[in-house]
Number of protein chains: 2
Amino acid sequence: MDDLPIRILIADDHPVVRAGLRAVLETEPDFAIVAEAATAEEAVELAASGGADVVLMDLRFGGGMNGSQATAAITARPGAPRVLVVTTYDTDADTLPAIEAGATGYLLKDAPPEELAAAVRTAAAGRTALAPAVADRLMNRLRAPHTALTRRETEVLALVAEGLSNQGISERLHLTRATVKSHLAHVYAKLGVDSRTAAVAAALGLGIIRR
Amino acid sequence: MDDLPIRILIADDHPVVRAGLRAVLETEPDFAIVAEAATAEEAVELAASGGADVVLMDLRFGGGMNGSQATAAITARPGAPRVLVVTTYDTDADTLPAIEAGATGYLLKDAPPEELAAAVRTAAAGRTALAPAVADRLMNRLRAPHTALTRRETEVLALVAEGLSNQGISERLHLTRATVKSHLAHVYAKLGVDSRTAAVAAALGLGIIRR
DNA sequence: CCGGGCATCGATCAAAAGGTGGAGACCGGC
DNA sequence: GCCGGTCTCCACCTTTTGATCGATGCCCGG
């Protein structure tokens, strides 16, 4: 197709993963790994300097900016490289922000090398490359839009997941117990559950809240 | 020290991680990667055939046997190789079973290459190699033994974390509500909390239960 | 053989949570 | 300018949960 190689930037805080991606991708004659970044900030900087066509982006870095934020920062610029998210985690809490941030694709790290190479070529061409598992969940998400919690509802739910009582939540958020109960009632309806603990379980499963 | 190279078996279901570990370790002149396994069962088999000194073992595989079980199977044989666990996860629920299963060391995947190589040599010599974060938590665990839940208590707590009511749990386990409440009261006391949701939060944090 | 941890139940009572059915205020879009 | 969603709050009532007393049988180890 193209005489020029696809220039790749690898962004991951794990040295082992960087080495692995490099080893896997270097076997492809039309790929050129031009840089590596160990932090999200570094990835943004290197991507801005314009030497890459595709950025392989991890989502979780040790500290500071995360992969979704970095993706948003990279894709915001005109003429930006494509961002292909490559991560271990496939919950909605990871995928949705990344996709909103403008990621061209989303792969899981257990993908076989051929799939990885194919995804890089797909992304370089500007087309979307999604892992089957991710694609499945996105479809389910679109089919069941009831899970869309509001900001406040998510906030309350997160405190519930920390083990706070309605009283404790009302104090933390400067609300009355009535308001907290009202928010929770909406959360239960949207998640199809009928108790705080079940809501936490469901939300963890859906990736709405974390840990 | 030794004229013979340290023979290494890599067991991980992620091709990228296998390639990464291989790339990182192959730069050491006294290391020889003799085999790779993509499943825990395969790792046990290859380890039994006796060609390796150290097994780098992931804990989570796509399906079937997990890394701890494989570690137990490997170390059960006389003259078994040392098992060095290399994983992304550092919760008690991961580390404790692995160490009980006889792992010689426990590293996190974000370890720098030098630390990894050093740990392999330490493990090959039969000495324990622990990542600092893991060592820290083990010390805390020994200092606070109150968190030791009984089998039944853990079982009940796991169902609480799935969102079941006491009634639901009693039916699932063929108990009366009184018994469930009794178990939970003990759990709350041991975890230092006073509600089911807080217990789930604490247990997730401590890695006593998962997901 | 006896103590202690474990697992199983009972009863009572106060506190918390959940269900129902509202209402007012704000804000953005059609 | 009105509609709908969001966020805030109120009251009443039922169910669930947690706290606190118990009690029994089992098994294991000193």
Side-chain angles (χ1 to χ4, degrees), chain A residues 92 96-97 100 141-142 144-206 208-209, chain B residues 96 100 141-142 144-206 208-209:
Chain A
D92 284 342
L96 295 180
E100 276 173 32
R141 169 53 46 105
L142 293 177
H146 282 301
T147 8
L149 301 187
T150 68
R151 206 163 310 163
R152 208 53 164 165
E153 286 161 359
T154 309
E155 202 175 356
V156 170
L157 182 55
L159 293 177
V160 169
E162 285 181 22
L164 295 187
S165 66
N166 291 348
Q167 171 71 34
I169 295 170
S170 73
E171 285 168 8
R172 187 83 78 86
L173 298 180
H174 306 293
L175 299 174
T176 63
R177 268 168 283 183
T179 307
V180 174
K181 289 177 71 170
S182 174
H183 284 310
L184 280 182
H186 294 149
V187 169
Y188 299 159
K190 288 180 179 176
L191 296 182
V193 298
D194 55 3
S195 82
R196 52 180 44 233
T197 321
V200 170
L204 285 173
L206 290 170
I208 296 171
I209 55 176
Chain B
L96 295 181
E100 277 174 30
R141 168 53 46 103
L142 293 177
H146 281 303
T147 9
L149 300 187
T150 68
R151 205 164 309 163
R152 207 55 162 165
E153 285 161 0
T154 309
E155 201 174 357
V156 170
L157 182 56
L159 293 177
V160 169
E162 285 181 21
L164 295 187
S165 66
N166 292 347
Q167 171 71 35
I169 295 170
S170 72
E171 285 167 8
R172 187 83 78 87
L173 298 181
H174 307 293
L175 299 173
T176 63
R177 269 165 285 183
T179 307
V180 174
K181 290 176 75 169
S182 176
H183 285 309
L184 280 182
H186 294 148
V187 169
Y188 299 157
K190 288 180 178 176
L191 296 183
V193 298
D194 55 2
S195 82
R196 51 180 47 235
T197 321
V200 170
L204 284 174
L206 291 170
I208 295 172
I209 55 175

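Note on naming: letters A, B, ... go to the chains in the order of the sequence lines (proteins, then strands), and numbering restarts at 1 for each one.
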Trainee: The side chain of B:Ala178 is closest to which nucleotide in this list: C:dG18, D:dC9, C:dG10?
Mentor: C:dG10
Trainee: Starting at atom CD of B:Gln167, determine the distance to atom C1' of D:dT17, rounded to an integer number of angstrom.
Mentor: 13 Å
Trainee: Are any of the side-chain heavy atoms of A:Glu171 and A:Leu164 separated by less than 4.5 Å?
Mentor: no
Trainee: Please report the distance, rounded to the nearest Å, between CG in B:Leu149 and C1' in C:dC6.
Mentor: 13 Å
Trainee: Could you give the CG-to-C1' distance, from B:Leu159 to D:dT17, as a whole number of Å?
Mentor: 17 Å
Trainee: Find the distance between CG (A:Leu175) and CZ (A:Arg152) and round it off to the nearest 0.5 Å.
Mentor: 5.0 Å
Trainee: Less than 4.5 Å apart, side chain to side chain, heavy atoms only: is that true for A:Asp194 and A:Tyr188?
Mentor: no
Trainee: Check the distance between D:dC7's P and A:Ile169's CD1 and give it to me in whole angstrom.
Mentor: 15 Å
Trainee: With respect to the side chain of B:Thr150, which nucleotide from C:dT8, C:dG10, C:dC6 is positioned closest?
Mentor: C:dC6
Trainee: Whole-Å distance between C:dA16 P and A:Lys181 NZ?
Mentor: 12 Å
Trainee: Remember a base hit wins even if backbone is also touched, and classify A:Thr176 as base, sugar-phosphate or nothing at under 4.0 Å, heavy atoms.
Mentor: sugar-phosphate
Trainee: Let's test your reading of the model: under 3.5 Å, does the base of D:dC9 pair with the side chain of A:Ser182 as donor and acceptor?
Mentor: yes
Trainee: Looking at A:Arg177, does any N or O in its side chain come under 4.0 Å of the phosphate oxygens OP1/OP2 on D:dC9?
Mentor: no
Trainee: Tell me, with the steps shown, if A:Ser182 and A:Thr179 meet side-chain hydrogen bond (donor to acceptor under 3.5 Å, both in side chains).
Mentor: CA-CA 5 Å; A:Ser182 174; A:Thr179 307; over 6 Å; no
Trainee: To the nearest angstrom, how far is A:Arg196 atom CZ from C:dA17 atom P?
Mentor: 5 Å
Trainee: What is the separation between atom CG on B:Asp194 and atom C1' on D:dT20, rounded to the nearest whole Å?
Mentor: 15 Å
Trainee: Which comes earlier along DNA chain C counting from the 5' end, the contact point of B:Arg152 or that of A:Ser165, where each point is its nearest nucleotide?
Mentor: B:Arg152
Trainee: Please report the distance, rounded to the nearest Å, between OH in A:Tyr188 and C1' in C:dT20.
Mentor: 15 Å
Trainee: For A:Leu191 versus A:Ala199, what's the shortest heavy-atom pair and its separation?
Mentor: CD1-O, 3.8 Å
Trainee: For B:Asn166 and D:dT17, is the shortest distance between a side-chain N/O and OP1 or OP2 below 4.0 Å?
Mentor: yes
Trainee: Under 4.0 angstrom, heavy atoms only, what part of the nucleic acid is B:Thr179 near: base, sugar-phosphate, or nothing?
Mentor: base
Trainee: Looking at B:His186, I'd like to know whether one of its side-chain N or O atoms comes within less than 4.0 Å of OP1 or OP2 on C:dC6.
Mentor: no
